[in-house]
Amino acid sequence: PNQKLWIGTEKGIFESDGNTYTKILNHNIKDLYVDSKNNIWAATWSNGVFRFDDKKKTWIHYPKLNQGNSAHIIYEDTKGRIWIGSFGYGIVLLDNAYDVNKVKGISFTNTNDNEFVWNNIFPSYKNQSLSFNEVNSLIKDKQGNIWIGTLGGGISYIKMRNSKFQSNLLMNAAYQLHSNSVRSILTDNKEQVWLGIGSNGMAMYNGKETKVFYTLGSKDSNNSFTR
């Protein structure tokens with residue numbers, strides 16, 4: 001808002017005009033995201049999700065997401081729905097995300113005492129579910145499908161037409177890099193998926209095979225790739 005810089009830190013969100021810094025939200029911030037409507041979303045370590053209402057100049061705090069109220073990363077799909085990846089509790093997908101009184105999600109229920117209950121997508125090695133419950137990166141490709149990077153379960157890919165998961169545990173990368181934790185994802189114009197793996201290097205997945213480009217023991221001892 002107002003062409004000012006917002007910075008998310010472990011101490012909260014700070015707004016800067018280039019000269020001064022003002023704290024505007026006092027929580028441990030894991031991610032900041034601007035959606036297609038120019039709303040600013042904030043994911044926190046243990047205080048859930050916030051959205052900034054620019055008209056009212058106030059933060060809207062969303063219902064508790066999971067047992068730990070963890071929100072690790074936020075992303076918007078081509079249908080305008082908000083995805084929230086957590087640390088240890090899978091994923092929450094929000095529908096009607098701009099009204100906290102009517103918000104809905106995948107397997108979302110409302111209990112009799114009007115408290116919110118969220119049923120997340122949990123990890124599994126089956127092809128139809130998320131591969132791991134610690135989600136660190138989300139991105140969509142040209143077809144609008146969602147790629148999900150997990151901290152220990154490789155990548156999951158969800159086709160938006162049928163909302164079913166397909167998983168790749170990246171065993172080739174796990175063998176060469178001693179890790180299949182995906183910290184960052186990027187898709188290129190050839191529809192290849194580039195992955196920052198743990199603190200050990202980088203891999204590329206083209207839909208059929210995984211190619212590893214940096215390994216332990218290279219000249220540069222720090223091969224960490226993050227978003």
Side-chain angles (χ1 to χ4, degrees), residues 6 8 29-45 47-56 58-111 115-124 127-151 153 155-167 182 184-187 191 193 227:
W6 286 24
I29 304 300
K30 300 303 297 180
D31 188 35
L32 289 173
Y33 184 80
V34 181
D35 65 22
S36 60
K37 299 179 181 179
N38 289 322
N39 289 281
I40 296 179
W41 296 76
T44 72
W45 180 256
N47 294 99
V49 172
F50 294 80
R51 176 172 58 86
F52 186 73
D53 188 327
D54 194 33
K55 293 182 179 180
K56 296 181 180 180
T58 187
W59 287 98
I60 298 171
H61 192 192
Y62 278 70
K64 189 175 181 179
L65 299 173
N66 45 57
Q67 184 178 356
N69 208 10
S70 167
H72 208 69
I73 189 167
I74 300 174
Y75 206 76
E76 180 185 17
D77 66 22
T78 54
K79 297 179 180 179
R81 299 178 302 182
I82 301 298
W83 294 72
I84 303 167
S86 71
F87 191 83
Y89 300 96
I91 290 177
V92 171
L93 169 59
L94 301 183
D95 269 327
N96 198 19
Y98 301 93
D99 187 341
V100 292
N101 296 316
K102 297 180 180 179
V103 64
K104 295 181 180 179
I106 289 181
S107 300
F108 171 80
T109 60
N110 195 334
T111 61
E115 292 183 359
F116 291 100
V117 177
W118 301 80
N119 295 318
N120 298 318
I121 305 166
F122 277 89
S124 171
N127 200 40
Q128 300 298 319
S129 60
L130 190 63
S131 61
F132 208 68
N133 63 347
E134 295 178 0
V135 178
N136 194 68
S137 48
L138 294 166
I139 196 170
K140 60 178 178 283
D141 60 23
K142 290 183 178 179
Q143 285 72 40
N145 300 308
I146 302 293
W147 292 85
I148 303 164
T150 70
L151 293 180
I155 54 175
S156 287
Y157 168 79
I158 182 168
K159 294 183 177 180
M160 299 307 295
R161 291 181 180 179
N162 55 22
S163 296
K164 291 184 178 180
F165 285 97
Q166 296 181 1
S167 299
V182 179
S184 57
I185 306 178
L186 178 69
T187 58
E191 300 185 9
V193 182
R227 56 184 172 87

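Computation of the quantities below employed the complete heavy-atom set of this structure, encompassing side-chain atoms and omitting hydrogens, waters and symmetry-equivalent molecules. Because the structure is a prediction, the values reported are computed rather than measured.
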Distance in Å, N39 CG paired with F52 CZ, rounded so as to fall on 0.5 Å steps: 10.5 Å
Closest heavy-atom contact between V193 and I185? CG1-CG2, 3.5 Å
Nearest-0.5 Å distance, CZ of residue R51 to CD1 of residue I60: 4.0 Å
Look at the aromatic rings of Y98 and W41 and report parallel, tilted or perpendicular, splitting at 30° and 60°. perpendicular
Roughly how far apart are L186 CG and W147 CH2, rounded to 0.5 Å? 12.5 Å
If only atom types and distance count, is the side chain of N66 paired as donor or acceptor with the main-chain N or O of Y89 below 3.5 Å? no
One should read off an interatomic distance between I148 CD1 and K140 NZ, to the nearest 0.5 angstrom, of 13.5 Å
Any idea which heavy atoms bring G88 and N133 closest together, and the distance? O-ND2, 2.8 Å
Search all heavy atoms of H61 against all heavy atoms of N47 and return the closest pair with its distance. NE2-O, 2.7 Å
Would a 4.5 Å heavy-atom cut-off, applied to side chains only, mark F87 and L151 as touching? yes
Can you name the nearest heavy-atom pair linking L65 to V92, along with the distance? O-CG2, 4.3 Å
Rounded to the nearest 0.5 Å, the CG atom of D141 sits from the OG1 atom of T187 at a distance of 6.0 Å
Less than 4.5 Å apart, any side-chain heavy atom of E134 and any of H72? no
Taking all atoms of both residues into account, what is the closest heavy-atom pair of I74 and A42, and its distance? CD1-C, 3.8 Å
Hey, can you tell me if W59 and W6 have their rings parallel, tilted or perpendicular (30° and 60° cut-offs)? tilted
Check: L93 and R81 side chains under 4.5 Å, non-hydrogen atoms: yes
Does a side-chain heavy-atom distance below 4.5 Å link N136 with V182? no
Could you grab the distance from atom CG of D77 to atom CD1 of I146, nearest 0.5 Å is fine? 5.0 Å
Looking at every heavy atom in both I82 and A97, which two are closest together, and how far apart are they? CG1-CB, 3.9 Å
